[in-house]
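Notes follow once the structure below has been shown.
Quick note on labels: first sequence line is chain A, next is B, and so on, each numbered from 1. Only a predicted model underlies this, so the values are computations on that prediction, with no experimental measurement involved.
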Amino acid sequence: MLRIYNSMSEKKEDFVPLNGKNVGIYACGMTVYDKPHIGHARKEVAIDLIVNYLKYSGFSVTYVRNFTDIDDKIIARANERGIDFRALTEENIEAFYKAMDALGLARPDIEPKATAHIGEIISMVQKLIDKGFAYPTSDGSVYFAVEKFKGYGKLSGRKLDEMISGTRFDVEESKQNPLDFALWKASKPGEPKWESPWGEGRPGWHIECSAMSTKYLGESFDIHAGGRDLIFPHHENEIAQAECATGKPFAKYWVHNGFLTVEGEKMSKSLHNFITVEDALKQYHPEVLRYFMLSTHYRTPIDFSMANLKDTEKKICYFYNTLKTLNQFAAKAAKPVRNEKAAEFINEFKEAMDDDFNSARVVAALFNLFKHLNEVLVSKKTRPTPDECAGFAEAIKEVGSVLGVLLRDSDEITNEIKEIQIVRYGISKDEIEEIINKRKAFRAEKNFEMADKMREELLEKGISIQDTPNGTEWSFN
RNA sequence: GGCACCUUAGCCAAGAGGUAAGGCAGAGGUCUGCAAAAUCUCCAUCUCCGGUUCGAAUCCGGAAGGUGCCUCCA
């Protein structure tokens, strides 16, 4: 039985979809005013994992993720750069795809954009006005009246009167209550605008998600996801808009991923620790990045540091090394056979994932399996049959396809990782091979003293070598 | 001020009231010309103080430290 932590109830609940095996999931996508950063990547990896596992568990999933392609920051950024806001958002959507594709993330089934749903947004706003939950102001904006919705604050655990007393921002005079938020914003001269019953303007932030999620998934749907920071006000406001407009409960399960910090601090422009996915991928292989994110449970805060990534890189190499050996034996298989150990591994995987998608526990299961494989593959006496080896390979692929790792050819990915390391360490391949060849010559004439000297030379550059039956291989420490 | 969250070995990181998964680093074996890789063995009573319980890292109360949100944020 799959259990999911629901931010609404603040505990793990049995996952029972509204419509049998059909699951609707909406994840707040990015506001495309800039390139995606590694915090976005974490969120996307988490959702990808969840969607993959739901499918793996036999659910038929409709996954919707929006692009918010109109808002204050977008307008500001476009003005700064002196380009049309559409040019800016298109550019960043492209960057988003590039980054997420590199990380091996599946595209959602539906990817609605706010600007393509102005009609739906306007009609939802109108409905809210008609029902008395919203009011237009003299300047042509429309606000949601938070006091009218008695459930306001139920997701974030806040009470209206407490929030009002804690208000620190300037109160706009046209608002009836300082916490009222804009559903529709009157446009200022020169700003992007759409016709509406209240004059020319644009949607407020929040409303696009209510309008688009209910359009594609129905008035009530199963899972709504996003980063922790969206709980308030974004998701709280989405609930208010949707439930008041439809009169029905909105999302059943609220899933929020934990934040990512960089070297212990929140990413921010002022701290100069803002890392885009693009930059991170120059330093580390996408699979390393992905595995790094999966080795911490999605709700736990994760600290991004180069030291942590280096550890992760080692682990990925370890897995693929073993996989290479395994596949050599599996190559002779007639038909994959899943032995007890392989079955046990799959069970551990399911148990961990059923427990609120606990990929960190899966990591432990992976290590236990690989340790076993290394132990057993090394000698003829203990080695599983080729069919069993193929069974292991198959089981690993099964798990890997949910996690999005360990699906590649060992040699291929090892080389890719090496290429990245070479750039990172600023060492040339020829230089390394030259020293290795020198050492080889010394070894041939049994001049071990000089041979060891060559090895030390490499060690100083951060490279260790392994003498194998197939010759000398090298890797970064 | 309000609301959330976090605190597990040198580091990273799971822990569903029943007596601490896993990884890195470290120590010691096996293997090796020597190494490396791989493997084996060893390595924590869970920030603190109370309480509930036969029994708590896990529940309750309090304290300390940290983080996030309350204005844009995955």
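When heavy atoms are screened at a 4.0 angstrom cut-off, A:Arg228 is found touching the sugar-phosphate backbone but no base atom. Note on A:Arg65: nothing from the nucleic acid sits closer than 4.0 angstrom, heavy atoms only. Using a 4.0 Å heavy-atom distance criterion, A:His297 is classed as a sugar-phosphate-only contact. At the heavy-atom level, A:Arg443 lies under 4.0 Å from base atoms of the strands shown. Residue A:Lys371 is in sugar-phosphate contact alone, with no base atom involved, counting any heavy-atom pair closer than 4.0 Å across all strands shown. Residue contacts for A:Asn358: at a heavy-atom cut-off of 4.0 Å it reaches the sugar-phosphate backbone alone, with no base atom in range. In this structure, A:Ile465 reaches the bases: a heavy-atom distance under 4.0 Å links it to at least one base atom across the strands shown. If you check every strand for non-hydrogen atoms under 4.0 Å, A:Lys314 touches sugar and phosphate atoms only. Across all strands shown, A:Phe259 has heavy atoms under 4.0 Å from base atoms, whether or not it also approaches the sugar-phosphate. Within the 4.0 angstrom heavy-atom criterion, base atoms lie near A:Leu260. As judged by a 4.0 angstrom heavy-atom cut-off over every strand, A:Gly157 is placed among residues touching the sugar-phosphate backbone only. Across all strands shown, A:Asp71 has no heavy atoms under 4.0 Å from either base or sugar-phosphate atoms. Nucleic acid contact class of A:Asp311 (heavy atoms, under 4.0 Å, all strands): sugar-phosphate only.
The C1' atoms of B:G65 and B:U32 are separated by 49 Å, rounded to the nearest whole Å. B:G1 sits 46 Å from B:C43 when the C1' atoms are compared, rounded to a whole Å. Taking atom P on both nucleotides, B:G55 is separated from B:G2 by 36 Å, rounded to a whole Å. The gap from the C1' atom of B:A27 to that of B:A64 amounts to 35 Å, rounded to the nearest Å.
Here the side chains of A:Pro203 and A:Leu183 are not in contact, with every heavy-atom distance at 4.5 Å or above. Counting only heavy atoms from C-beta outward, the side chains of A:Val142 and A:Thr137 never approach each other to under 4.5 Å. Inter-residue side-chain proximity for A:Phe221 and A:Lys252 is flagged as unmet; no heavy-atom pair is nearer than 4.5 Å. Inter-residue side-chain proximity for A:Met267 and A:Phe259 is flagged as unmet; no heavy-atom pair is nearer than 4.5 Å. Here the side chains of A:Tyr152 and A:Asn237 are in contact, with some heavy-atom distance below 4.5 Å. The closest side-chain heavy-atom distance from A:Phe345 to A:Phe392 is not below 4.5 Å.
Of the listed nucleotides (B:A16, B:U39, B:A74), B:U39 has the atom at the smallest distance from the side chain of A:Asn374. Distances from the side chain of A:Met267 to the nucleotides B:G33, B:A74, B:C12 place B:A74 closest. Considering only side-chain atoms of A:Ala364, the nucleotide from B:G33, B:G22, B:C24 that sits closest is B:G22. Of the candidates B:A14, B:A16, B:C24, the closest approach to any side-chain atom of A:Lys12 belongs to B:A16. Closest to the A:Asn257 side chain, of the nucleotides B:G22, B:A74, B:C70, is B:A74. Side-chain proximity of A:Asp452 to B:A37, B:G33, B:C70: nearest is B:G33.
The aromatic rings of A:Phe292 and A:Phe304 stand perpendicular to each other, their planes meeting at an angle above 60°, with 30° marking the opposite boundary.
Applying the Watson-Crick and G-U wobble criteria (two distances, each under 3.5 Å), B:G50 pairs with B:C60. Base pairing of B:A4: its partner is B:U67, meeting the Watson-Crick or G-U wobble criterion (both donor-acceptor distances under 3.5 Å). With a cut-off of 3.5 Å on both Watson-Crick or G-U wobble distances, the partner of B:A16 is given as none. A 3.5 Å limit on both hydrogen-bonding distances identifies no Watson-Crick or G-U partner for B:G55. Across all strands shown, B:G10 forms a Watson-Crick or G-U wobble pair with B:C24, both key distances being under 3.5 Å.
Per the stacking criterion (ring centres < 5.5 Å, plane angle < 30°), A:Phe367 does not stack onto the base of B:G23.
Within residues 315-327 of chain A, the residues that place at least one heavy atom under 4.0 Å from RNA chain B are, in residue-number order, A:Lys315, A:Tyr318.
Look at CG on A:Leu179: it is 14 Å from C1' on B:C69, rounded to the nearest Å. With rounding to whole Å, A:Phe349 atom CZ is found 16 Å from B:A14 atom C1'. Spacing between atom CD of A:Glu456 and atom P of B:A35 amounts to 12 Å, rounded to whole angstrom units. Taking atom CG of residue A:Asp303 and atom C1' of nucleotide B:A74, one finds them 16 Å apart after rounding to whole Å. The separation between A:Met293 atom CE and B:A74 atom P is 14 Å, rounded to whole Å. Rounded to whole Å, the distance from CZ on A:Arg439 to P on B:A36 is 12 Å. Put simply, CE on A:Met306 is 21 Å from P on B:C24, counting in whole angstrom units. Summarising the geometry, the separation between CZ on A:Arg455 and P on B:A35 is reported as 8 Å, rounded to the nearest angstrom.
Checking side-chain atoms of A:Asn66 against main-chain N and O of A:Gly29 turns up a donor-acceptor pair under 3.5 Å. With hydrogens and angles disregarded, a donor-acceptor distance shorter than 3.5 Å links the side chain of A:Arg290 to the backbone of A:Leu403.
When each of A:Gly29 and A:Asp467 is assigned the nucleotide of RNA chain B bearing its nearest heavy atom, the one mapping closer to the 5' terminus is A:Asp467. Both A:Pro301 and A:Asn368 sit near RNA chain B, but only A:Pro301 has its closest nucleotide nearer the 5' end.
For B:C5, its base never sits under 3.5 Å from the side chain of A:Arg299 at any donor and acceptor pair.
Few gaps surround CD on A:Glu445; more than 12 heavy atoms of other groups in view lie less than 6.0 Å from it.
Within the structure, the salt bridge (charged side-chain N to carboxylate O under 4.0 Å, His left out) test picks out the following pairs touching residues 302-319 of chain A (sequence neighbours left out): A:Glu313-A:Arg424.
Between A:Thr300 and the phosphate of B:A14, there is a side-chain N or O to OP1/OP2 separation shorter than 4.0 Å.
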